[in-house]
Amino acid sequence: LSLPWQKSRTERENERGKKRKLLVTILSRSHADRNVYPSAGVLFVHVLEREYFKGEFPPYPKAGDPSNDPITFNTNLKGYPDRPGWLRYIQRTPHSDGVLYGSPTAEHIGKPTVIEITAYNRRTFETARHNLVINIKAAEEFPLPYQAEFYIKNMNVEEMLASEVLGDFLGAVKNVWQPERLNAINITSALDRGGRVPLPINNLKEGVYVMVGADVPFSSCLREVESPHNQLRCSQEMEPVISCDKKFRAQFHIDWCKISLVDINKVVPVYVTRPEPGTGILPEFGEYKPPSESLKSRDYFSDFLVTLAVPSAVALVLFFILGYTMCCRREGVEKRNMQTPDIQLVHHSSIQKSTKELRSMSKNREISWPLSTLPVFNPVSGEVVPPIHPDNYETTSMPLMQTQANLQNQITIPQQRPSGENLKTAVL
């Protein structure tokens, strides 16, 4: 049995050499440049695989060990804070792969574009950086003369960028269009076109726009959208009747009202004249001349009058007008009575008299004594118990409902004793 610290010197040197080779390999891979060669006018898709970056974060996992660290990516043009305008990036979660996609234009042909890709391990906070060199080359036929843009409602952009899904869609379009050459030109999320984020119910999708190009005119099926009947149905927010919709319906739900058919041969080019840039140097205006030290005095009395005196005078006049209106022009009770009908005054007067009379009667009211206040005769002892309330009790303050708190002068009535005790008393 050999323990780890009992290994021979040769074995330990071999292990150190392997570790050094592994470290050198990883560092060289983290700084190596990867070259891709997309064509102008054709959709470019590059997947940033998490598995490719997992081995670059210490501690380096062994072969077969599960590693599901959250990894996010940041992409930018080398020397700039953001990516080129034609290049987009998406990554849904830190546990999914990132995707760079876009459609390069003819302006970038022959100009290598270096994209810096920085991977962040959200568990260990380690980073790894790669460079992606995009060498855009000219296409055989650029651009394709006939271009159609479809809006697919049941797809997200990262789902559509998958090679299998995109291949199935191009196969369905080719079956309907029958061109000799068919390329995917661009893919755009509906959110980039002003669409709303769907609610997280019923497996709703964001939607995606897919533009394809071909070398033959549009088929009759695609032209059916331009018919007056289908245009009327689209204006009424109804689905148009398209004969070839069943070829897409199994996997792709296309909104035919949002399809766009463009023949670039008939498009009139618009040339924008840009002004020639200058040298960037301001013209010579001479030396700076500050104002003279002898400044004229200025009278601010007129400004004071306009700013404070005039508004104060206006406010004072308005105050007097309001005071005169509220204090000196009151109508009074006599004018109110004169404008009030006589029958209403009579009713009001009778109500007041009745109220006063009820109040005076409530002060001097006399109520009959209840039976509980009369003298009580005890048939056993022959004792006469006085009433609960004395004769001098004030009846004007007596409440209508008697409670325990109001029985201030209550006298306890003696209880009847058993007959045996009475006999014993009589014998004694």
Heavy-atom side-chain proximity of N74 to I117 below 4.5 angstrom: no
How long is the span from the CD atom in Q147 to the CG atom in D263, to the nearest 0.5 Å? 9.5 Å
Are any non-hydrogen side-chain atoms of D168 and Q251 less than 4.5 angstrom apart? yes
Would you please indicate yes or no on a ring centroid separation below 6.0 angstrom for F150 and F252? no
Can you see whether Y151 engages E149 through a side-chain donor-acceptor pair at a distance of less than 3.5 angstrom? no
Take atom CD in Q231; do more than 12 heavy atoms of anything else shown fall under 6.0 Å from it? yes
N154 side chain to H253 backbone, donor-acceptor under 3.5 Å: yes
Other residues, nucleotides, ligands: >12 heavy atoms within 6.0 Å of E180 CD: no
Measuring from atom CD of Q178 to atom SG of C221, what distance do you get when rounded to the nearest 0.5 angstrom? 11.0 Å
Could you walk me through whether R88 and L100 pass the side chain to side chain contact (heavy atoms under 4.5 Å, CB included) check? CA-CA 6 Å; R88 297 185 180 93; L100 285 169; over 6 Å; no
Taking atom types as modelled and ignoring hydrogens, do the side chains of W256 and D245 form a donor-acceptor contact shorter than 3.5 angstrom? yes
Test your reading of the model: is there a side-chain donor-acceptor pair from R50 to the backbone of T72, 3.5 Å cut-off? no
Check whether any side-chain N or O of Q91 sits under 3.5 Å from a backbone N or O of T93 as a donor-acceptor pair, and report yes or no. yes
May I ask you to test the V99-L48 pair for a side-chain heavy-atom distance under 4.5 Å? no
Are the side chains of I136 and S39 in contact, using a 4.5 Å heavy-atom criterion? no
So which atom in P84 and which in T113 form the shortest heavy-atom distance, rounded to 0.1 Å? CG-CG2, 3.9 Å
We want to know whether T105 and H108 form a side-chain donor-acceptor pair, criterion being a heavy-atom distance below 3.5 angstrom. yes
Is the ring pair F169/F248 parallel, tilted or perpendicular, if the boundaries are 30 and 60 degrees? tilted
Ion pair D69/R123, N-O distance below 4.0 Å: yes
Does any N or O in the side chain of S103 come within less than 3.5 Å of the main-chain N or O of I185, such that one atom is a donor and the other an acceptor? yes
Could you pull out the closest heavy-atom pair between V262 and S260, with the gap in Å? CG2-OG, 3.8 Å
Please determine whether a side-chain nitrogen of the Lys or Arg among R92 and E158 lies less than 4.0 Å from a carboxylate oxygen of the Asp or Glu. yes
To the closest 0.5 Å, what do you measure between OG1 (T127) and CZ (F53)? 11.5 Å
Consider only side-chain N and O atoms of Q352 and H348, and report whether a donor and an acceptor are under 3.5 Å apart. yes
Donor-acceptor check, side chain of S354 to backbone of I351, threshold 3.5 angstrom: yes or no? no
When you look at NZ of K205, are more than 12 heavy atoms from neighbouring residues, nucleotides or ligands closer to it than 6.0 Å? yes
Any donor and acceptor pair, going by atom type alone, linking the side chain of D255 with main-chain N or O of I152 inside 3.5 Å? no
pair N76-I115: side-chain heavy atoms closer than 4.5 Å: no
Tell me, yes or no, whether the heavy-atom count around D303 atom CG, taken from other residues, nucleotides or ligands under 6.0 Å, exceeds 12. yes
Locate the shortest heavy-atom distance separating P198 from E206; write the atom from each residue and the value. CD-CG, 3.8 Å
OH of Y146 to CG of L182: how many Å apart, nearest 0.5 Å? 14.5 Å
Quick one: does N121's side chain have a donor or acceptor within less than 3.5 Å of a partner on F125's backbone? no
Indicate the atoms forming the closest heavy-atom contact of F44 with P104, along with that distance. CB-CD, 4.3 Å
Kindly give the heavy-atom pair with the smallest separation between N265 and P145, and that separation in Å. ND2-CB, 3.6 Å
With a 4.5 Å heavy-atom cut-off, do V114 and L132 have their side chains touching? no
Please determine whether ring-ring contact (aromatic ring centres under 6.0 Å, His included) holds for the pair Y89 and Y101, giving the CA-CA distance in whole Å, both sets of side-chain angles, and the decisive distance to 0.1 Å. CA-CA 6 Å; Y89 167 74; Y101 66 99; 9.0 Å; no
Could I get the full list of side-chain hydrogen bond (donor to acceptor under 3.5 Å, both in side chains) partners for D192, not counting sequence neighbours? none
Is there a side-chain contact between L77 and D82 (heavy atoms, below 4.5 Å)? no
Any donor-acceptor pair under 3.5 Å linking the side chain of R233 with the backbone of E239? yes
Quick one: pull up CZ in R34 and OH in Y52 and give me the separation to the nearest 0.5 Å. 4.5 Å
Counting N and O atoms only, with roles assigned by atom type, does the side chain of T307 sit under 3.5 Å from a partner on the main chain of F304, one being a donor and the other an acceptor? no
Can you give me the closest heavy-atom contact between I187 and V157, atom names plus distance? CG2-CG2, 3.9 Å
Any heavy-atom pair between the side chains of D215 and P179 that's under 4.5 Å? yes
When rounded to the nearest 0.5 Å, the distance separating CG of L43 from CG of N186 is 6.5 Å
Please check if any side-chain donor atom of S243 sits under 3.5 Å from a side-chain acceptor atom of E224, or the reverse. yes
